[in-house]
Amino acid sequence: SIGSGSRLIHDATRIQEAKREILKGRSVSLTCDHWTSCANENFTALTAHWIEDNDYTLELRSDILECFLHKESSESETLAYEFVEKVYEKYS
């Protein structure tokens with residue numbers, strides 16, 4: 001069994017808190033990807049990229065902040081509004 005819904009929510013919350021801590025105080029670059037599946041469903045993802053400094057070694061790191069199915073228009077203004085709304089809910 002996958003686990004109870006409350007356990008999954010708890011784990012998802014812990015993951016979001018960990019992401020928030022990782023990105024805190026860093027310079028971050030964001031990329032946005034949009035694609036249509038074979039089933040003709042529209043998806044959009046927001047990914048954060050940053051450089052990790054580990055004992056004089058620089059490592060490029062990336063993490064998906066949000067990925068969602070959307071049914072509204074694929075125009076940039078609509079996507080931007082949806083992103084701001086979803087990411088703000090998670091990370092504020």
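The shortest heavy-atom contact between Thr47 and Ile64 is OG1-CG1, 3.9 Å.
Around the CD1 atom of Ile51, the shell of radius 6.0 Å holds no more than 12 heavy atoms that belong to other residues, nucleotides or ligands.
Distance check, rounded to the nearest 0.5 Å: CH2 of Trp35 to OG1 of Thr44 gives 7.0 Å.
Residues passing the side chain to side chain donor-acceptor pair (under 3.5 Å) test with Glu52, sequence neighbours excluded: Arg26, Trp50.
When the side chains of ILVMFWY residues are joined at heavy-atom separations under 4.5 Å, either directly or via intervening members, Phe68 and Leu30 end up in a single hydrophobic cluster.
Between the side chain of His34 and the backbone N or O of Ala45, no donor-acceptor pair lies under 3.5 Å.
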